[in-house]
Asks: 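Got a structure here, written out as C-alpha cells. Questions coming.
When a ligand or atom number is given, it counts from 1 through the structure's own listing order.
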Amino acid sequence: MTELNSTELNSAGLIRLSAAQLAAKLAAREVTSVEVTQAYLDRIAAVDGQVNAFLHVNTEEALAVAAEVDAIRAAGGAAAEELHELAGVPIAVKDLIVTIGQPTTAGSRILEGWHSPYDATVIKKLRAAKMPILGKTNLDEFAMGSSTEHSAYGPTRNPWDLDRIPGGSGGGSAAAVAAFEAPLALGTDTGGSIRQPGAVTGTVGMKPTYGAVSRYGAIAMASSLDQIGPVSRTVLDSALLQEVIGGHDPFDSTSLTDPFDNLVAAARTGNVTGMKIGIIKELHGEGYQAGVENRFNESLELLKEAGAEIVEVSCPNFKYALGAYYLIMPSEVSSNLAKFDGVRFGMRVLPKDGPLTIERVMAATRAAGFGAEVKRRIILGTYALSAGYYDAYYGSAQKVRTLIQRDFDAAFAQADVLISPTAPTTAFKLGEKLDDPLAMYLNDVATIPANMAGIPGLSLPGGLADEDGLPVGIQLLAPAREDARLYRVGAVLESLLEEKWGGPLLAQAPALGSTSTTAGGSN
Ligand code: GLN
C-alpha cells in the first residue's frame, strides 16, 4: 500500500493505514496508540449506526491498553524493545469468541447479557501482544449463515452498498475492517465465514490450517470444521495477525505443534516464479456471476505474467461437498448446542403453565432463545444422527468427506496452490435470500471443501464486478500446514492487482455518512 505523508496523519488518514503501516508509525513514535485507538473509536461512533458491525464497543479498556503501550514506548529501554510489533494496533473480535470484561452473545438471544468467566486463547494472545480490543462484532446466530441477517441483533450492512449483505457469518468483522472501523479483526470459519465476507466486502480473510490457531474459547459450531482466523485489509496484515494468534495450545486437543512462524516472511517475500497454480474445474464457470468470472480470469493472467504456470485440475467429488457439509455440520451443531439448556448459561425461560420440570424449562428456554436458522439445523442434525438414519446420512457424509480430501491430494500432486473465485456472486440485497435457505447455503459452495479437508484458504479482493461495481473475492488454497505458501502467492497477486487499480480496492468504496460516491480512500 502507498504510504501517506506525515501531514495526512489526522484521524481520517490514520484509520486508512494498514496494520503494518500503523505498527511502523507507532514504533517510530510518529503517532501514539491512544491517537490511533481514539480515531477508530470516533469512526465507529460516526458510521456504525449505518453499518451495525459492532454489538459491543470496548472504549475504556481499549484506551487503557493503548495508554499502557504508549507509556512503555515513551519510557524506552528493554520493556519498549520487547513490545510486540503489533502492540498498540487495535483489533475487533467476532462475538463468537469469549472475552473477560465484555459480553459474548454469539449473535443469539440465548446468551444476551452473558459474560464469559475466561478468555479464549486467541484473546489471551492479543492481550499479551498489547493490542487494544475495540469491541465485539456482529454475526449470524452461532455463526450459522452467509449474510449476518440471522443475527438476533439486526443485520450488518455492507459498507459498499448499505442495502446489501456483508456476507456471513462474520459480516460484522469484515464490514468493520472494510468501513475503516478497525484495521484488523478476528473471524471464525466453519464453511466460509471468514472468506466469503472478505470476498463481498473487498477485504482479506484467511482460514488457517485446521489446528493452526487454537479454538479454545470460540463457541463451538461444528468442531471438526471450525477455525479462528484473521480479517484484514492487506495480505501482510493477515500474516502478522496469524503469527500473533497461532501456535500450539494444550487447551485445544486439535491444536497442531507446528510453530507457523514463517508467515510474515512469506508475505514480505511474495514470489510465484515457477509455481504451479491449479484452476479447480468444478469451482468456476456455470453458476458463477459473469463479473466474478471476469475478475477471476484477470487474476489468472496476472499470475501467469508474474511467472506462474496455470494448470487445470479436477475435483469431481466437490459436487457433493455442500450436501455432505449440511449433514456433518448440523450433526455437530445439534450436539454442541445441547449445552444451552437454561441452566448453565444465559437466558432461562420458565414454562407458562404446567409442571416445572427441567425438560420443560429447557424446552421453553430453547424455544425462546434460538432463532429459526439455529432450530432448523439442530432438528436436521438430530435427525441425521438418529438411530436408523445415522449410517445413511452422517455415515455417508463422512465418506464423502474422505473423497473430498482425496480430490485435494490428487490436485496438490499437480499444483502447488489451487485457485477459484471465493463466492459465486457479489453481495446480494438484504432480504433477497432470507426465506430461501438453500439459496443462502449455495454461497459457500467454493469455500466449504477447504473446511472438509482442514486445509488453509485465503480470500483477497480481486476487483469490482463489471455489472454491479461490487467487490469480487479470489480464493487461494494450499495443502495443510502450508499457510505460508498462501501468504507468499497472495502478496504477489495483491500487489499486481493494486498496480492495476492504482491502489487498494477499498479506496474506491463510496464514503459512508454521505450520499456522495466519491472515493472514500485517501491513498
Ligand atoms: N455459511 C456457512 C453456514 O452457514 C458457513 C458458516 C461458518 O463458516 N461459520 O454454515
Side-chain angles (χ1 to χ4, degrees), residues 93-97 105-108 137-151 155-156 165-174 185-201 205-208 210 213 215 218-231 321-334 336-337 370-381 384 397 401 422-425 427-428 432-434 436-459 473 475:
V93 174
K94 187 178 185 181
D95 202 22
L96 192 69
I97 299 172
T105 66
S108 181
T137 58
N138 201 6
L139 68 156
D140 287 294
E141 187 175 5
F142 288 102
M144 300 179 200
S146 303
S147 67
T148 317
E149 293 168 293
H150 294 308
S151 167
T156 298
I165 60 103
S169 62
S173 282
L186 290 184
T188 68
D189 192 310
T190 302
S193 285
I194 290 175
R195 290 163 286 158
Q196 181 258 4
V200 300
T201 58
M206 169 77 173
K207 182 197 93 70
Y210 183 74
V213 176
R215 293 177 299 116
I219 296 175
M221 175 181 166
S223 311
S224 77
L225 303 158
D226 296 343
Q227 187 55 62
I228 294 178
V231 175
L322 197 68
Y325 172 83
Y326 274 94
L327 287 167
I328 293 170
M329 174 274 296
S331 297
E332 296 186 22
V333 158
S334 71
N336 274 327
L337 269 61
F370 287 144
E373 183 63 23
V374 168
K375 286 176 185 161
R376 182 179 295 128
R377 295 192 193 199
I378 292 173
I379 292 168
L380 194 63
R401 190 169 188 175
T422 308
T425 69
F428 47 91
E432 196 179 314
K433 299 190 179 174
L434 200 50
D436 187 350
L438 293 183
M440 189 73 90
Y441 298 167
L442 272 171
N443 284 289
D444 300 303
V445 68
T447 47
I448 279 172
N451 302 78
M452 297 289 260
I455 64 166
L458 174 75
S459 178
Q475 173 178 245

Asks: Would Gly145 count as being in polar contact with ligand 1, using the rule that some N or O on each side must be under 3.5 angstrom apart?
Replies: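 Among all N and O atoms of Gly145, at least one is under 3.5 Å from an N or O of ligand 1.
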Asks: Among Leu337, Leu139, Thr190, which one satisfies side-chain contact (heavy atoms from CB on, under 4.5 Å) with Met144?
Replies: Leu337
Asks: Just checking, is any N or O donor in the side chain of Thr422 or Ser459 under 3.5 Å from an acceptor N or O on the other one?
Replies: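 A donor-acceptor contact under 3.5 Å links the two side chains.
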Asks: Looking at Met221, which atoms of ligand 1 are within less than 4.0 Å of one of its heavy atoms?
Replies: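 Per the distance check, 9 (N), 10 (O).
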Asks: So which heavy atom in the protein is nearest atom 2 (C) of ligand 1, and how far is it from that ligand atom?
Replies: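 Checking every protein heavy atom, the shortest distance to atom 2 (C) of ligand 1 gives Asp444 OD2, 3.1 Å.
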Asks: Among protein heavy atoms, which lies nearest atom 5 (C) of ligand 1, and at what distance?
Replies: Tyr325 OH, 3.4 Å
Asks: Show the atoms of ligand 1 that are less than 4.0 angstrom away from any heavy atom in Gly191.
Replies: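 Heavy-atom distances to Gly191 below 4.0 Å select 5 (C), 7 (C), 8 (O).
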Asks: What residues form a side chain to side chain contact (heavy atoms under 4.5 Å, CB included) with Ser146, not counting sequence neighbours?
Replies: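 For Ser146, the residues satisfying side chain to side chain contact (heavy atoms under 4.5 Å, CB included) (neighbours in sequence not counted) are Gln196, Met440, Asn443, Asp444.
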Asks: Please assess Ile455 against Lys207 for the test side-chain contact (heavy atoms from CB on, under 4.5 Å), listing each intermediate value before the final yes or no.
Replies: CA-CA 8 Å; Ile455 64 166; Lys207 182 197 93 70; 5.8 Å; no
Asks: Does some non-hydrogen atom of Arg377 fall short of 4.0 Å from ligand 1?
Replies: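 Flag set, Arg377 near ligand 1.
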Asks: Give me the one residue out of Thr188, Ile228, Asn138 that meets side-chain contact (heavy atoms from CB on, under 4.5 Å) with Lys94.
Replies: Thr188
Asks: Quick test: of every protein heavy atom, which one is nearest to atom 6 (C) of ligand 1, and how far off is it to 0.1 Å?
Replies: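 For atom 6 (C) of ligand 1, the nearest protein heavy atom is Ser193 OG, 2.9 Å.
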Asks: Enumerate the atoms of ligand 1 whose separation from the nearest heavy atom of Ser169 is less than 4.0 angstrom.
Replies: 9 (N)
Asks: What I want to check is whether the side chains of Ser108 and Glu141 have a donor and an acceptor closer together than 3.5 Å.
Replies: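 There is such a pair between these side chains.
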Asks: Under a 4.0 Å heavy-atom limit, does Phe142 contact ligand 1 with its side chain, its backbone, both, or neither?
Replies: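 Under 4.0 Å from ligand 1, Phe142 contributes no heavy atoms.
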Asks: Thr190 versus ligand 1: do any nitrogen or oxygen atoms come within less than 3.5 Å of each other?
Replies: yes
Asks: For ligand 1, which atoms have a heavy atom of Ala143 less than 4.0 angstrom away?
Replies: 6 (C), 7 (C), 9 (N)
Asks: For ligand 1, which atoms, with element, lie under 4.0 Å from some heavy atom of Asp189?
Replies: 8 (O)
Asks: My understanding is that only residues two or more places apart in sequence, or in another chain, count here; which of them pass side chain to side chain contact (heavy atoms under 4.5 Å, CB included) with Leu327?
Replies: Ala384, Tyr393, Ala397
Asks: For the residue pair Tyr326 and Tyr441, does the interplanar ring angle fall in the parallel (under 30°), tilted (30 to 60°) or perpendicular (over 60°) class?
Replies: parallel
